Number of protein chains: 4
Amino acid sequence: MTGPPSGDIAHLGHVHLRTPDPDRSLWFFTRILGLTENGRSGDSVYLRTWDDYEHHSLVLTAHETSGLGRTALRASSEQALHARVKALREAGLPGKWEEDEPGLGPLYVTHAPDGHEIALYWESEWYEAPPELRPGLKNQPQAKPGHGVGVRRLDHVNYLAADVALEAAFAQDLLGARPTEQIMLDSGRIAARWLTFSSKSYDLVHTEDRSGRRGRLHHIAFATDSRDDILRAADLCLDNGVHIETGPHKHAIQQTFFLYVYEPGGNRMELCNPLTRLVLAPDWPLITWTEAERAKGQAWGLKTIESFHTHGTPP
Amino acid sequence: MTGPPSGDIAHLGHVHLRTPDPDRSLWFFTRILGLTENGRSGDSVYLRTWDDYEHHSLVLTAHETSGLGRTALRASSEQALHARVKALREAGLPGKWEEDEPGLGPLYVTHAPDGHEIALYWESEWYEAPPELRPGLKNQPQAKPGHGVGVRRLDHVNYLAADVALEAAFAQDLLGARPTEQIMLDSGRIAARWLTFSSKSYDLVHTEDRSGRRGRLHHIAFATDSRDDILRAADLCLDNGVHIETGPHKHAIQQTFFLYVYEPGGNRMELCNPLTRLVLAPDWPLITWTEAERAKGQAWGLKTIESFHTHGTPP
Amino acid sequence: MTGPPSGDIAHLGHVHLRTPDPDRSLWFFTRILGLTENGRSGDSVYLRTWDDYEHHSLVLTAHETSGLGRTALRASSEQALHARVKALREAGLPGKWEEDEPGLGPLYVTHAPDGHEIALYWESEWYEAPPELRPGLKNQPQAKPGHGVGVRRLDHVNYLAADVALEAAFAQDLLGARPTEQIMLDSGRIAARWLTFSSKSYDLVHTEDRSGRRGRLHHIAFATDSRDDILRAADLCLDNGVHIETGPHKHAIQQTFFLYVYEPGGNRMELCNPLTRLVLAPDWPLITWTEAERAKGQAWGLKTIESFHTHGTPP
Amino acid sequence: MTGPPSGDIAHLGHVHLRTPDPDRSLWFFTRILGLTENGRSGDSVYLRTWDDYEHHSLVLTAHETSGLGRTALRASSEQALHARVKALREAGLPGKWEEDEPGLGPLYVTHAPDGHEIALYWESEWYEAPPELRPGLKNQPQAKPGHGVGVRRLDHVNYLAADVALEAAFAQDLLGARPTEQIMLDSGRIAARWLTFSSKSYDLVHTEDRSGRRGRLHHIAFATDSRDDILRAADLCLDNGVHIETGPHKHAIQQTFFLYVYEPGGNRMELCNPLTRLVLAPDWPLITWTEAERAKGQAWGLKTIESFHTHGTPP
């Protein structure tokens, strides 16, 4: 169960995010994070990080509440996609094929146990930058934006869920994810688990939702190129009135350098820098943190902020 | 001669720069360097770095050629200003009072031996940021720009001059500058000298001009907050077609981390980061580099690029 | 009162620190901070940062308690030294000449109102590195250490004192320091003031001591070359069991990037990075922070840790 | 051929390096790079980076010449190991099982076409740090060293080979590597190819050897956590007399931030920082750089140094 990932899922593709304040949210994602708009459709705006080779990294949709919509995962091949769909169907999970996103082929849409929408797909058109966004180097999809933080990629999603073990089993058994770290309460209940599809140390996280709500979001994370980018991001947020929840600091778990802010729609966003840490060991042992260890706070001693345990979206 | 600065000049105030390509130069200074426009007058645009407490850091003027106009130095007090003016007059240098810049009181305008225009002033209105540029912290003049490199301050000016020793004598004897480092050729001629008015290790540099021209510019430098900012700047220049001349690397002399680029008008610009180096010693000995030492290249071995010895503006 | 510094004091020279755990303290200063030992005398070890041009930056002395001994300030010239001594004597402060430190000439030793020992001196031998510590560049006193954080310089001292206004008056009126920022309580009492002798934004800080004790230390700070050095320092402290009190984070006041740790003797140490911020304006207005502003925490929202208001040395 | 890696090889395990100056080489790897010694055997010293979970990352062996010995690659499982051995045998390549390294099970030893020794293995004991090297966080194998650069991991090996296409075919067809970038000369000959086994953008590189020699090394690379670490490394090398060949700068190919130095035994070492760049796309297209593109130099314009095309080890 803690072996290497099956390899059928290659990586996190993109997510759909809902915002009750679409204009300000769009300002945040484009002007502060430095995402590039790549088309609109209805109430949705397609946004991309500069190092994404696909059409979009984030779909921002006007909605009456905040919260997460679809999480789209790209399969490693056509065969791998069908292997995963077969596994999901054999597990009795309802799902259906849709073809409703620009730049992508059919997506198989289903739901994780807590209700989060999950879509798997294989076909994806490689992004071609328009002339004004042509990069200086041919091994890069587009020019780095000259404004905002300039995040490199969508890094991971952290879901709130009633039963973390159930979510993790879904991700591991049906999607082929590999768990790398977790928090186990003294009661034996898993309070959070981190999972990966690649050499990254995590792509998905499930965190216990104590609110009784379903399908909620803890946060979405974008990776920066350096810790300096995150320190600069904190200044940008400060000067532009973006609420900083906590950080910058270094997580004990996964050792990620982080900054948590709320985008104007209320969703928690993480800016993260993993340095050069990777999980390359094929027999990486799932690392378990106890309640006592968690009580020590983050890596350098920062206490975990209370809202981190209470704030999710929709609220 | 190598004692502490007289203290009469507090710091480099701003410079006037000429460009034959004003639109593209303005794009460079605002979108790439991240300067903020603070008014226009005739063919000139007033620009400021985010940490400048004065009205402007750079005056960009459309002109038939590239090159440097005025260098404005702020005195430490009204008395200090008059002491310097008196010294200049006693040395027989022609000069006159002008009041032709917004936000500033009278400037005493004269010329250094090679013909560069030098202005001294005391009165200066403190900048008040408009609401959209208010900073998050009250000890900062304006918000950091969300775009471009976001340079903190105008750092220094490097002048080309026929006779470096003559220029340095002017700066030392009449302006009260302190020399900190120099290059002495085997012939005994000074090929370059670095001088300061403050705890910074240099504010002005004079470099030998072998072209026979007068009053030319080697480069103007803006300081960034970190070396990471300079690495990011190099990427921005690469992706936006700004010509990189050399760097990033570390100077042997002064140990500054640097990047040299040409703004679209043809003037050489340095982005520099001095780390936390300061010259605090009141009896700092003027450090002399020989030809042989200079032949070793920059700090980590980068050879000095040929154009560094030939390109000046106007060309 | 808030004009430029008199210029008679050039910079903070060094401090004497007391430790009840001299072996472990020495380990901390040499192996973690990366100071270099430069001689011993009795119970004292002379230590220097790599960019110090003088004999020592810190004198570490075995003592029954922790706490601060002498603070030594270098004058700008022989004349400046005597001008300050004259001012101190005319103010009726007792003092005497001593010549008890290697590499230095006579020190005029007196005490600030709260009892902290202050020494002024002019004569100072420039450090000559032994062969194994020769730097690669001639404008640097010694090679950077290959171990520990490698702090560049002693940056500032933060004193605890019963009456901050009284201490500040001493520093401003008798030493010629310039105040740059302060905290004023709603009662009108000054809770802390930052003062400088140079273009640095502060060299000395006085913080209100609510304990009723006298002559205590809040912290001593060493400057690093980059914020990355401070993040690396936090990891070194974590892996080596050095107590991290708070940070890394950015101060609202002075905007310094900081990390506070306790050296094994119990004294609070700050590792700080000011980026390239300087106070160059000769008419810099003393900036006052209110209680309400201080309650907002540090620049990016970190709450000020309780021990920051209670821990001083000796305890 | 350019599809995702087979997944049978998990990652680069370690390399054996030969040095004619073992004492100085050991000094370089431990004191400058910050590797930790983990045992000796005969003329060999086992060294490890702080984030390696295995017994050793580098085996340094006294030898009459410089150069590369074995490259050891860890398989993803026992089955994967045997699948690869089967493939090698079916291709007619001679090989044999050896069990000659501490901490590892049997290694299947063979040779790539140009003569470089390649070993595949599965069994590997997880490293347990002795008390003095215990890390502060349980998801890290050992404490970061307090000295030297503190490289995180062995990152990649760059082999010199007479026929790059032949080497690449071996790595792709028999080891299951995936090519990500290459240089193609105008003649159609491949001058260099970069290949990966994981989400890293490369683990192995083959570069054309024009010397007529066989089995030589271009360089070995260690990854640092940040670009700042590489800038600090350059200073350490400068102050300690380690020859810097070129850099720091950013590669156009793979966009790695780099510094090349020669360890005292003469072998070229790269310190590299890939930032957060990964190749996650399962259909990543092999990117081809032409001669004309290569002539532009590195990313920010640094010309490729001549010795880069001529120096290999043994010389």
Side-chain angles (χ1 to χ4, degrees), chain B residues 3-7 9-12 51 53-54 74-77 80 122 124 126 136-140 152-153 155 180-181 196-201 203 223-229 250-255 272-285 287-289 293 299-300, chain C residues 3-7 9-12 51 53-54 74-77 80 122 124 126 136-140 152-153 155 180-181 196-201 203 223-229 250-255 272-285 287-289 293 299-300:
Chain B
S6 76
I9 301 299
H11 61 84
L12 177 61
D51 199 28
Y53 68 92
E54 299 191 275
R74 189 164 185 219
S76 295
S77 66
W122 158 246
S124 183
W126 279 61
L137 296 172
K138 67 195 292 184
N139 51 4
Q140 182 177 317
R152 179 186 279 269
R153 71 164 165 259
D155 191 80
T180 53
E181 305 199 24
T196 183
F197 296 111
S198 65
S199 307
K200 287 176 63 211
S201 69
D203 292 316
T224 67
D225 259 349
S226 72
R227 292 183 294 191
D228 221 70
D229 283 333
K250 174 182 172 168
H251 278 300
I253 298 178
Q254 304 288 1
Q255 302 203 12
C272 70
N273 184 262
L275 296 119
T276 51
R277 188 169 188 256
L278 294 174
V279 166
L280 297 171
D283 50 354
W284 177 268
I287 290 172
T288 299
W289 300 80
E293 287 166 343
W300 300 318
Chain C
S6 76
I9 301 299
H11 62 82
L12 176 62
D51 198 28
Y53 69 92
E54 299 191 275
R74 189 164 184 219
S76 295
S77 65
W122 159 246
S124 183
W126 279 61
L137 297 172
K138 68 194 293 185
N139 51 3
Q140 181 177 318
R152 179 186 278 269
R153 70 162 167 261
D155 191 81
T180 51
E181 305 199 26
T196 182
F197 296 111
S198 64
S199 307
K200 287 176 62 210
S201 68
D203 291 317
T224 67
D225 259 349
S226 71
R227 293 182 294 191
D228 221 69
D229 283 334
K250 174 181 173 168
H251 278 300
I253 298 177
Q254 303 288 0
Q255 303 204 12
C272 69
N273 184 263
L275 297 117
T276 51
R277 187 172 189 255
L278 294 174
V279 167
L280 297 171
D283 51 355
W284 176 268
I287 289 171
T288 299
W289 300 80
E293 287 166 341
W300 299 318

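These numbers were taken from a predicted model, which means no experiment stands behind them.
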Inset, instruction - Could you tell me which non-hydrogen atom of B:S226 sits nearest to which non-hydrogen atom of B:N273, and how far apart they are? - result: N-ND2, 3.3 Å
Legend entry - Contact origin within B:E54 toward chain C - heavy atom pairs under 4.5 Å: neither
Inset, instruction - Heavy-atom distances under 4.5 Å only: say whether B:L280 touches chain C with side chain, backbone, both or neither. - result: both
Inset, instruction - State, with a plain yes or no, whether a side-chain heavy atom of C:L275 is found less than 4.5 Å away from one of B:R152. - result: yes
Legend entry - Between B:D51, B:L278, B:D228, B:L12, the one whose heavy-atom pairs under 4.5 Å with chain C are most numerous: B:L278
Legend entry - Distance-minimising heavy-atom pair for C:S76 and B:P282: O-CB, 3.4 Å
Legend entry - Structural part of B:T224 lying under 4.5 Å from a heavy atom of chain C: backbone
Inset, instruction - Could you check which of B:R227, B:K200, B:Q140 has the highest count of heavy-atom pairs closer than 4.5 Å to chain C? - result: B:Q140
Inset, instruction - Without swapping roles, check the side chain of C:R153 against the backbone of B:T276 for a donor-acceptor pair under 3.5 Å. - result: yes
Legend entry - Partners meeting ring pair (Phe, Tyr, Trp, His ring centres under 6.0 Å) with C:W122 (sequence neighbours left out): none
Legend entry - Expected output: side-chain B:N139 to main-chain C:A252 donor-acceptor under 3.5 Å: yes
Inset, instruction - Could you look at B:A80 and say if it's the side chain, the backbone, both or neither that has a heavy atom under 4.5 Å from chain C? - result: neither
Inset, instruction - Would you mind telling me which of B:A299, B:G136, B:S199 has the largest number of heavy-atom pairs within less than 4.5 Å of chain C? - result: B:S199
Inset, instruction - Among the options B:D155, B:D225, B:T180, pick out the one with the most heavy-atom pairs lying under 4.5 Å from chain C. - result: B:D225
Inset, instruction - Please flag which part of B:E181 lies under 4.5 Å from any non-hydrogen atom of chain C: side chain, backbone, both or neither. - result: side chain
Inset, instruction - Please identify each residue that fulfils ring pair (Phe, Tyr, Trp, His ring centres under 6.0 Å) with C:H251, with sequence neighbours left out. - result: C:F258, C:Y260
